[in-house]
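Read the structure below first, then the notes.
Read the numbers this way: they start at 1 and go in the same order the structure lists the ligands and their atoms. Heavy-atom basis, side chains included; hydrogens, waters and symmetry copies ignored.
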Amino acid sequence: MDRNELEEGARRILLTNLRRGVADWNGKEYSFVCPSLTGYPFQWFWDSCFHAIALIHLDQDQAKAELRTLMSGALPNGFIPHITFWEMEKQPDFLSHNIVGMTEPYHSSTMQPPIIAYAVERVYQATGDEEFREAALPILIAFYRWLRQARDPDNDGLIAVIQPEEAGTDCSPKYDEALGLEELTNRGFITALRKVYAAYEPIRGDDHRILAADLFHFEDVLVNSIYVFGMRSLARLLGDAPEAAEFTREADRTRDALLAKCWDEEAGAFFDLSGVAENPVKMVTISSLMPLILSDLPRPIVERLVDQWVTSPDHFWTPYPLPSVPASDPKFMPGNPGGFIWRGPSWINTNWFLSHGLRGHGYSELADTIVAKSQECIEKSGFREYYHPYTAEGLGASNFGWSTLILDM
Ligand code: GLC
């Protein structure tokens with residue numbers, strides 16, 4: 001496949017998954033790409049940011065529309081939901097086999113990895129549209145402040161998620177213990193999750209109380225790496241504005257906390273912290289590598305992550321890297337896990353993050369190989385949700401939006 005064919009394929013998916021209209025419930029216009037018409041027919045937060053980044057290469061007006069629609073879902077307190085149900089008529093079917101934390105029928109009351117300021121920065125860089133930037137700034141400032149105020153109760157710079165879907169890596173085995181997973185299947189996961197949801201029911205929407213309840217409280221490495229990454233973009237977007245210093249300072253603080261509290265020198269990996277007690281969850285997953293997206297990660301740590309994990313055939317260097325769980329882990333599940341996701345297959349979004357991160361640290365060849373392997377997955381199997389790390393077999397949803405990120409790799 002040459003660049004043109006890849007672009008045509010991506011364009012077909014982004015156009016097919018494009019939803020435009022006026023929402024019955026708030027009278028607002030929407031224009032966004034849903035992750036997949038079959039499985040995910042609404043607007044998802046981080047998917048939407050990825051779609052906007054892919055759209056930069058195809059249709060910049062649509063890239064702006066995507067992000068404007070996402071930002072139009074922001075609440076007065078700054079929070080931006082992880083799902084907005086623009087087309088409410090599709091909700092009953094979706095909720096018959098998915099669970100979502102909600103306080104309002106129109107959107108979830110949960111977050112997703114805060115990549116939005118980076119997406120806005122990229123679209124702004126590509127278009128030079130000042131109006132777009134200026135309209136976005138107050139929404140972004142309010143959103144990143146909301147994260148700090150609502151999600152960092154111990155004020156250590158690391159924000160916490162209250163359920164696994166908030167980290168975007170839903171069924172990752174790193175959450176098994178905290179969830180008390182008894183049956184290692186998607187059904188077992190949903191059963192365990194329902195218990196958390198039931199306990200949250202009376203306090204849903206009050207994140208301080210939810211975090212204090214300490215039922216599921218993860219200072220997640222992937223989420224916090226993206227939080228730093230996003231705040232750096234926000235600081236750059238702010239330019240000379242006084243708030244720029246605030247977000248640079250906060251980004252530094254979160255980076256320092258990742259290094260001080262999540263880095264495990266003995267293991268050579270970053271680990272999430274579970275619970276108010278901040279117990280390290282000593283399990284390596286794709287999340288443990290995510291600080292590589294930070295350009296100021298200390299060199300010895302970069303080298304350790306690359307040499308010990310990324311390029312090791314025992315761990316992440318499978319024929320179609322990078323698997324969501326290293327091959328060495330007893331819980332590694334390379335094939336189609338029947339909806340039990342993030343337990344082995346390779347995903348294009350994490351490859352997008354890590355190929356850019358590695359390139360930034362000087363590993364151009366390695367980055368090129370990850371890009372070439374990602375492209376091979378798409379050539380063999382189409383734009384799928386995730387891929388078998390040994391065969392490139394396409395798995396999960398078809399015509400999946402964020403796999404078009406290949407255009408930006
Ligand atoms: C799955 C993924 C999540 C993604 C969503 C929509 O739940 O785990 O990261 O945002 O699907 O694609």
Worksheet item: Quick one: do K261 and E219 make a salt bridge, cutoff under 4.0 Å?
Response: no
Discussion item. One thing to verify: whether E8 and R12 come together as a salt bridge, which I'm taking to mean a side-chain N less than 4.0 angstrom from a carboxylate O.
Written reply: no
Worksheet item: What's the shortest heavy-atom distance between L18 and S31, and which atoms?
Response: CD1-OG, 4.4 Å
Fill in: Closest non-hydrogen atom pair, A63 against V123
CB-CG2, 4.1 Å
Worksheet item: Which atoms of ligand 1 have any heavy atom of D47 under 4.0 Å away?
Response: 4 (C), 6 (C), 10 (O), 12 (O)
Worksheet item: Does P35, backbone or side chain, put an N or O under 3.5 Å from an N or O of ligand 1?
Response: no
Worksheet item: If you measure from each heavy atom of W402 to ligand 1, is any distance below 4.0 Å?
Response: yes
Practice prompt. Specify side chain, backbone, both or neither for I341, according to which of its non-hydrogen atoms lie closer than 4.0 Å to ligand 1.
Written response: side chain
Worksheet item: For the side-chain contact (heavy atoms from CB on, under 4.5 Å) test, which of Y227, F79, W146 pairs with R151?
Response: W146
Discussion item. Considering non-hydrogen atoms of the protein only, which is the closest contact for atom 7 (O) of ligand 1, and what is the distance?
Written reply: D170 OD2, 3.0 Å
Worksheet item: Got an N/O contact under 3.5 Å between W342 and ligand 1?
Response: yes
Worksheet item: N/O of T169 under 3.5 Å from N/O of ligand 1, yes or no?
Response: no
Worksheet item: Counting from 1, what ligand 1 atoms have a heavy atom of W46 closer than 4.0 Å?
Response: 3 (C), 4 (C), 9 (O), 10 (O)
Practice prompt. Indicate whether the side chain of Y106 and that of Q91 have a donor and an acceptor atom separated by less than 3.5 Å.
Written response: no
Item to complete: Report, in ascending order of atom number, the atoms of ligand 1 lying under 4.0 Å from any heavy atom of W44.
Response: 5 (C), 6 (C), 10 (O)
Item to complete: Using a strict cut-off of less than 4.0 Å between a Lys/Arg side-chain nitrogen and an Asp/Glu carboxylate oxygen, indicate whether K174 and D220 qualify as a salt bridge.
Response: yes
Worksheet item: Got an N/O contact under 3.5 Å between W347 and ligand 1?
Response: no
Worksheet item: How far is atom 1 (C) of ligand 1 from its nearest protein heavy atom, and which residue and atom name does that atom have?
Response: Y40 OH, 3.7 Å
Discussion item. Between R148 and E246 (salt bridge meaning N to carboxylate O under 4.0 Å), is one present in this structure?
Written reply: yes
Worksheet, complete the sentence: Atoms of ligand 1 under 4.0 Å from any heavy atom of F400, numbered from 1 in the order shown, are 12 (O)
Discussion item. List ligand 1 atoms under 4.0 Å from G168, heavy atoms only on the residue side.
Written reply: 2 (C), 3 (C), 8 (O), 9 (O)
Practice prompt. Look at ligand 1 and say whether Q112 reaches it with a heavy atom at a distance under 4.0 Å.
Written response: yes
Discussion item. I'd like to know if D176 pairs up with R343 as an ion pair, taking the criterion as any Lys NZ or Arg NE/NH1/NH2 lying under 4.0 Å from an Asp or Glu carboxylate oxygen.
Written reply: yes
